[in-house]
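First up is the structure itself, then whatever we jot down about it.
Just so it is clear, the structure is predicted and the values come from calculations on it, not from any experiment. Whatever order the structure lists them in is the order used to number ligands and atoms, beginning at 1. Residue indices begin at 1 and follow the sequence shown.
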Amino acid sequence: MKLALVVGARPNFVKISPLIKAINEHNKSTLPQIQYILVHTGQHYDSFMSDSFFQSLQIPKPHFNLGIGSGTHAEQVGNTMIAFEKVLKSEQPDWVVVVGDVNATLACSITAKKEQIKVCHIEAGLRSGDMTMPEEINRLVTDRLSDLLLTPDQLSSKNLRQEGTDVDKIKMVGNIMIDTLNDALETAGMLELDEIIQRNSADEVNKNPEADSYALITLHRPSNVDQVEDLTKIVQFFIDQAASQIPLVWPVHPRTLKNLERFELLETLRKNNNIILLQPLNYFDMLKLNSQAKMVITDSGGLQEECTVLGTPCITMRFNTERPITLQEHGGTSVLVGNDLSKVKLSFNAALNQKRESRIPELWDGHAAVRCLAEIIKY
Ligand code: UD1
């Protein structure tokens with residue numbers, strides 16, 4: 001059996017790494033071997049967003065890099081399809097395995113189906129119900145086309161059944177990202193907070209935050225960072241209210257950095273002694289910072305999940321989430337606040353007094369990749 005594994009953007013790398021490890025383990029047995037090719041679409045391309053993840057997660061060099069880079073959605077999806085079709089024609093895999101919800105996920109699943117190659121989607125069935133999110137469109141189309149839909153939880157399986165997906169195609173395998181998290185905990189645990197901060201900061205940092213005494217921030221969604229009014233309001237909150245109570249550590253996504261510069265917000269942030277801006281972090285650095293933070297303020301889906309497992313109170317700056325299992329009402333640690341700053345403030349004050357308490361959803365046990373591979377083999 002030959003698999004084409006697809007990655008394109010940062011959150012994909014964390015999901016493909018355990019699958020490659022599971023394939024390598026399988027190939028040590030006497031069972032029929034599984035061949036794979038790794039295809040990187042190149043949507044994320046710089047050393048912080050891509051290379052550092054390949055290194056820290058020991059992902060082998062991709063067999064193909066499609067070099068798509070930045071662009072509009074149509075450019076990224078269209079260029080990926082054109083380049084990926086050539087790979088499929090020459091490599092003739094039995095399966096294309098896509099993960100997550102980025103433009104690579106969508107583009108490669110459409111191309112595969114048109115070439116009549118089976119598609120397996122890992123992290124199927126997530127739904128935010130928000131059609132203004134590019135990721136929601138990517139999820140819907142990918143799941144509609146997939147032959148095998150591997151879900152992280154029961155809520156996602158239920159979404160698929162409600163949409164009329166053939167139940168035989170849906171398998172709950174747990175959350176593959178938590179395989180990576182569990183594997184990395186020991187290495188991350190050995191890192192020192194101040195060393196991470198110094199290594200990733202462009203400015204001189206005089207005061208290093210201590211464990212359980214800082215808020216970790218990540219923001220990159222267009223709904224938070226693309227409009228001057230929204231981003232200004234958020235930055236004002238950080239400066240006027242949050243940073244006066246607790247140090248803020250903020251690894252800045254390239255999309256956000258560009259907009260902070262464009263909207264002339266960057267200098268004010270840099271001048272604030274209690275706000276530490278960092279470059280995008282490698283996986284271990286981020287895990288360490290998350291596991292020691294008083295709280296996380298984010299709009300990332302992956303971080304909501306990691307916070308739930310690590311027990312970090314998570315203030316999610318989104319109006320909806322495709323990951324309801326991470327919400328407090330479903331047993332997780334995250335609370336949705338949109339970009340309503342009165343809600344952010346309330347949750348921020350609550351989180352200052354909240355204790356870290358880990359919650360582990362069913363099958364988020366570090367063995368999802370083995371189950372994914374078993375389902376592909378069994379199909
Ligand atoms: C993408 C995904 C999103 C995911 C996020 C994680 C889609 C539709 N969106 O959004 O689901 O949560 O990645 O990061 O696929 N850039 C760099 N260096 C890079 C990559 C990008 O500087 O290595 C810049 C680009 O020039 C671009 C901006 O960052 O202007 C945004 O990149 P893009 O890939 O378009 O989308 P993300 O916002 O990263």
Q: List the closest protein heavy-atom neighbour of atom 14 (O) of ligand 1: residue, atom name, distance to the nearest 0.1 Å.
A: H253 NE2, 2.9 Å
Q. Which residue, V87, L3, V6, forms the side-chain contact (heavy atoms from CB on, under 4.5 Å) with V96?
A. V6
**Q.** Residue selection (non-hydrogen contact nearest atom 7 (C) of ligand 1) among M133, Q43, K258, Q76
**A.** Q43
Q: Please work out whether any backbone atom (N, CA, C, O) or any side-chain heavy atom from C-beta onward of H44 is under 4.0 Å from ligand 1, and answer side chain, backbone, both or neither.
A: both
**Q.** Test: K258 and E261 ion pair at under 4.0 Å
**A.** no
(Q) Counting non-hydrogen protein atoms only, what is the nearest one to atom 12 (O) of ligand 1? Give residue, atom name and distance. (A) H220 NE2, 2.9 Å
Q | Protein contact of atom 2 (C) of ligand 1 - nearest heavy atom, named by residue and atom, plus distance | A | V102 CG1, 3.8 Å
**Q.** Structural part of P11 in contact with ligand 1, heavy atom criterion under 4.0 angstrom
**A.** side chain
Q.
Tell me whether E210 is salt-bridged to K294, with the criterion being a basic N under 4.0 Å from an acidic carboxylate O.
A. no
(Q) Is there a ring-ring contact (aromatic ring centres under 6.0 Å, His included) between F54 and H40? Walk through the geometry before answering. (A) CA-CA 11 Å; F54 275 76; H40 187 345; 5.5 Å; yes
Q | Candidate list T312, I297, N290, L310, test side-chain contact (heavy atoms from CB on, under 4.5 Å), partner L303, passing option | A | N290
Q: Could you pull out, from R255, R10, H73, E135, the option with a heavy atom nearest to atom 9 (N) of ligand 1?
A: E135
Q. Under 3.5 Å, is there a donor-acceptor pair linking the side chains of Q304 and T321?
A. yes
**Q.** Side-chain donor-acceptor contact under 3.5 Å, T151 with S157
**A.** yes
Q: Do me a favour and list the nearest non-hydrogen protein atom to atom 22 (O) of ligand 1 with residue, atom name and distance?
A: P254 CB, 3.2 Å
(Q) What protein heavy atom lies closest to atom 18 (N) of ligand 1? Include the residue and the distance to one decimal. (A) D46 OD2, 2.9 Å
**Q.** Best match, S70, S300, G8: closest heavy atom to atom 25 (C) of ligand 1
**A.** S70
Q) Should the pair F53 and F13 be assigned to parallel (<30°), tilted (30 to 60°) or perpendicular (>60°) ring geometry? A) tilted
Q: Specify the protein heavy atom at minimum distance from atom 17 (C) of ligand 1: its residue, its atom name, and the distance to 0.1 Å.
A: Y45 OH, 3.3 Å
Q: May I ask you to identify the nearest protein heavy atom to atom 8 (C) of ligand 1, giving residue, atom name and distance to one decimal place in Å?
A: N103 OD1, 3.3 Å
